[in-house]
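Quick notes on the structure that follows.
Numbers here simply count residues along the sequence, with the first being 1.
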Amino acid sequence: MRLIACGSVDDGKSTLIGRLLNDAHGLPDDEVATLAADSRRVGTRGGEIDYALALDGLAAEREQGITIDVAHRYFSTATRRYILADAPGHEQYTRNMATAASRADLALVLVDARKGVVAQTRRHTCLLALLGVPEVVLVVNKMDLAGYSREAFEAITRDYAEFAAKAGLGSAGAIPTCATLGENVVARAESMPWYAGPSVMERLEETRVDGERVARGGFRMPVQSVMRFDDGTRAYAGMASGADLARGERVVVLPSGREAQVDAILGPSGELPRAAAGQSVALKLSEHLDVSRGDLVCAASRPASVATQFDAHVIWIGDEPLLRGRDYLVKCGTRSATATVSPVRHKLNVETLEKI
């Protein structure tokens, strides 16, 4: 599972992930010892372990007490392997958050129990919706500083659920936590008996990941390379996405539009009966087609559209403005093409979701 923690600055994202790693035994003993020493030297908790330092490794991050770059950590449980991304909360580094969220299976949106939903919370939620992150969980952190108030938790939950629904995220579960004390992070919290839901770790473990996110539509495989064998046959290699493809099915190669039957599907260890989303495979076809890197192999029954124009919501993170008429490179699978931007239809106010 690819996981991202996001939200406004100082909402406790780095502390939550650091605590999650520690309590789920994802930190080696020598790293815990180093973390303890760093906490005494530059920590913010009076000599106690500052779990945020497990993620904030840059000198500037430790000096300013904020996350600047996306920090990735890896750990495993008996259920699955995790890739955790700690995204910066400061508005100046929103582009880093968007990059990390583009591949996330689940997002934890942290909110300070004292502040509630703020502008950066809404901005990050809007980006999660635009990027199509399939699972979003609200984490109301620092409940100890709000007196473990059930009323405060429920008010924030209602406020966030209303905005999330407007953004198109639908229903999002909510968990009250105190990351510094580890309450409802891995273990349940006795300080909040009014909450009967799962801890953060339990919520992650029970979430089903449906393989690759782009499971809509039919089979797709951008051609990465062409393999040539001694017997004169060829195979076309790439990573499969979308629906499964079985040996014997017909495919169409775009943009040429020529069709063929799949004679064999090759995997790293030999032939496969079918190709599934996320697998790197090579396809042998019944006909010798002119196929090269950048072409797209699709299921003939559900081919992709071929067009010279398309509409898109764009998250623009460049320092220079997006300009009409300027040439830009569009990356699509393994192909790049030059494109120009037609008049922008509208801009989206990410705090109010109004079109400007």
Side-chain angles (χ1 to χ4, degrees), residues 1-7 13 16-17 19-21 23-26 70 72-87 97-111 124-141 157 160-161 163-177 179 184-189 195-221 239-246 267 272-281 299 302:
M1 173 186 282
R2 296 180 179 90
L3 169 69
I4 181 175
C6 54
K13 299 177 295 297
L16 177 82
I17 293 184
R19 190 83 204 206
L20 184 67
L21 287 168
D23 294 1
H25 308 293
V70 177
H72 290 87
R73 296 300 297 263
Y74 306 82
F75 80 104
S76 301
T77 65
T79 305
R80 59 164 58 104
R81 293 177 295 171
Y82 291 91
I83 303 174
L84 301 110
D86 177 27
M97 174 269 169
T99 302
S102 65
R103 292 288 293 166
D105 299 305
L106 183 145
L108 299 174
V109 178
L110 270 72
V111 171
H124 281 186
T125 299
C126 181
L127 292 176
L128 294 174
L130 287 175
L131 291 166
V133 178
E135 294 280 344
V136 177
V137 178
L138 175 66
V139 178
V140 182
N141 194 30
T157 300
Y160 184 80
F163 183 84
K166 189 176 179 181
L169 284 177
S171 177
I175 304 172
T177 66
N184 279 342
V185 178
V186 172
R188 299 287 186 92
Y195 174 73
S199 67
V200 173
M201 189 73 250
E202 290 171 337
R203 178 69 171 80
L204 299 180
E205 293 283 80
E206 69 186 19
T207 300
R208 186 167 64 93
V209 179
D210 294 324
E212 191 169 352
R213 286 169 48 192
V214 192
R216 301 180 296 273
F219 173 83
R220 306 281 188 268
M221 192 195 77
M239 179 174 286
S241 66
D244 290 0
L245 179 77
L272 300 171
R274 62 193 314 107
Q279 285 185 313
S280 292
V281 297
R302 301 183 68 182

**Asked** Taking all atoms of both residues into account, what is the closest heavy-atom pair of C6 and L128, and its distance?
**Response** SG-CD1, 3.9 Å
**Check: V109 and V136 side chains under 4.5 Å, non-hydrogen atoms** = yes
**Request:** With rounding to the nearest 0.5 Å, note down the distance linking CZ in R103 to CD1 in I83.
**Result:** 9.0 Å
**Prompt:** How far apart are the closest heavy atoms of A5 and I17, and which atoms are they?
**Reply:** CB-CD1, 3.6 Å
**Message:** So does A187 get a backbone contact from the side chain of D23, meaning a donor-acceptor N/O pair under 3.5 Å?
**Reply:** no
**Asked** How far apart are the closest heavy atoms of P198 and I175, and which atoms are they?
**Response** O-CG2, 3.7 Å
**Prompt:** Is there side-chain contact between Y82 and L20, with at least one heavy-atom pair below 4.5 Å?
**Reply:** no
**Fill in**
Output for pair (S102 OG, L127 CG), nearest 0.5 Å, gives 11.0 Å
**Asked** Taking C-beta and beyond as the side chain, do R73 and L3 meet within less than 4.5 Å on heavy atoms?
**Response** no
**Item:** Nearest heavy atoms of F75 and A24, plus distance in Å
**Value:** CE1-CB, 3.9 Å
**Request:** Using modelled atom types only, decide if a donor and an acceptor are shared between the side chain of S199 and the backbone of V186 within a distance under 3.5 Å.
**Result:** yes
**Request:** Could you tell me the separation between the NZ atom of K13 and the CG atom of L108, rounded to the nearest 0.5 Å?
**Result:** 11.5 Å
**Fill in**
Taking every heavy atom of T125 against every heavy atom of A164, the minimum-distance pair comes out as CG2-CA, 4.3 Å
**Item:** For P134 against D105, the heavy-atom pair lying closest together
**Value:** CG-O, 3.2 Å
**Complete:** CZ (R19) and OG1 (T177) are apart, to the nearest 0.5 Å, by 11.5 Å
**Asked** Would Q279 and L272 satisfy side-chain contact (heavy atoms from CB on, under 4.5 Å), going step by step from the backbone distance to the final call?
**Response** CA-CA 11 Å; Q279 285 185 313; L272 300 171; 4.3 Å; yes
**Prompt:** At what distance, to the nearest 0.5 angstrom, does CE of M1 lie from OG1 of T77?
**Reply:** 9.5 Å
**Message:** Pairing donors with acceptors under 3.5 angstrom, does anything connect the side chains of E135 and T207?
**Reply:** no
**Prompt:** Side chains of L106 and R203: closer than 4.5 Å at any heavy-atom pair?
**Reply:** yes
